[in-house]
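All residue numbers refer to positions in the sequence shown, counting from 1. Note that the structure is a prediction, hence the values are computed from the model and not measured. Counting convention: from 1, in listed order, for ligands and their atoms alike.
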Amino acid sequence: MFSTPFILSFSLLLSLPILFFFVAPAFLTRPLPPIPVPDELDDLRLFRRASSAASFTSHLSSSSPKLKIAFLFLTNTDLYFAPLWERFFRNQSKSLYNIYVHADPTVKITRPHGGVFDNRFIPNAKRTFRASPTLISATRRLLATALLDDPANAYFAVLSQYCIPLHSFRYVYHSLFTSPSFDLTRSDPDPDPQLTQLGVRVSYRSFIEVLSKEPGLWRRYVARGKDVMLPEVPFKRFRVGSQFFVLTRKHALMVVRDRKLWNKFKLPCYKASSCYPEEHYFPTLLSMQDPKGYTRYTLTRVNWTGATHGHPYAYKPAEVSPELISRLRNSTHSASYLFARKFLPDCLTPLLDIADSVIFRD
Ligand SMILES: *[C@@H]1O[C@H](CO)[C@@H](O)[C@H](O)[C@H]1NC(C)=O
Ligand SMILES: *[C@@H]1O[C@H](CO)[C@@H](O)[C@H](O)[C@H]1NC(C)=O
Ligand SMILES: *[C@@H]1O[C@H](CO)[C@@H](O)[C@H](O)[C@H]1NC(C)=O
């Protein structure tokens, strides 16, 4: 027999998830819904397959004659700059790159047909929310899919629908794989001079921003509760950086294999506006597991001057010019930035106008 208080509390308990569902999305001042268990299990299966299949291949695997760049697009809208990217890839051999797109399946998106994005939308994509761990999951899904798909994928570049290229494909490929002088922060020479002479770099590093002394870092750290991140992630190991980065195959695999940190970073925050786990998970993981393996800076230029509500500055069509492109390329860490964000969708036409004469002329 059920007592009345029991039934009362039971029905209250039942209504909680319903309340949560209707109140949570869209408002950054409220918590976001937790990741659904079936989604989590589906991801785990994919990550396990990727971890075991991918572990036997490396940068210098003899089975892959050419190393490829995997371009990973993470979007919840149309790919605004698809025509510009089409031109970026025009006349490039398919033996040098692959494209993968993770598009939120709950949003109606026009998929580009007949070009390089045709059939490149990954099938296991899931719903994403801004400033939530779903963005981490989506990135991990892209990495896992690309690891599994092609053992020749050696670098993994994460991009969004607001990103544009700042150089030609040739320039990007050369910068990542063969240029001895692209990374200005590099001091250690390659351990094998013979291979370096053949134009093959032996030690590759990821290009990812990793910062430890940012204002507001403590607020982000305690966004899930005071001691929730312990013992796996003490505050002194907590890092921040951009969610748009270029990872080596070794690090892509490291990310897909991780369970320990993910179990912490997937926890919902009290307030989404003080969380942004996608800016913390990857820098924290890499700095804990391979502190010498990355550059600490990103190759994707972003303008945080005058940022509002966590959104960086978005360039407008009237601002697009050859001067803007050269200003955006300008970096103190590398020979140049390779990508930039954010651009408003109607920048497409002015960008196409200067694509061949400026952007893809190096
Ligand atoms: C590049 O591609 C365009 C369009 O696909 C084609 O018309 C052109 O001949 C190609 N150029 C070279 C140098 O292959
Ligand atoms: C960054 O954005 C600000 C506006 O917030 C603008 O004045 C400035 O020129 C931009 N910087 C670059 C390098 O484009
Ligand atoms: C590049 O940046 C440096 C330092 O921030 C500045 O002195 C220089 O004028 C810039 N060059 C261009 C082309 O914007």
What I want to check is whether the side chains of [X] and [Y] have a donor and an acceptor closer together than 3.5 Å.
{"X": "Tyr297", "Y": "Asp183", "answer": "yes"}
{"X": "Tyr294", "Y": "Glu209", "answer": "no"}
{"X": "His251", "Y": "Ser206", "answer": "yes"}

Atoms in ligand 3 with a heavy atom of Arg327 nearer than 4.0 Å: 14 (O)
Donor-acceptor under 3.5 Å (Arg301 side chain, Arg327 main chain): yes
Does the protein come close to [atom] - that is, does one of its heavy atoms sit below 4.0 Å from that atom?
{"atom": "atom 10 (C) of ligand 3", "value": "yes"}
{"atom": "atom 14 (O) of ligand 3", "value": "yes"}
{"atom": "atom 5 (O) of ligand 3", "value": "no"}

Non-neighbouring partners of Cys275 that pass disulfide bond (SG atoms under 2.5 Å apart), sequence neighbours left out: Cys269
Atoms in ligand 2 flagged as close to Asn303, the criterion being non-hydrogen separation under 4.0 Å: 1 (C), 2 (O), 3 (C), 8 (C), 10 (C), 11 (N), 12 (C), 14 (O)
Results of salt bridge (charged side-chain N to carboxylate O under 4.0 Å, His left out) for Glu214 - residues two or more places apart only: none
Geometric N/O contact Tyr315 with ligand 2, under 3.5 angstrom: yes
For atom 8 (C) of ligand 3, closest protein heavy-atom neighbour: Asn330 ND2, 3.6 Å
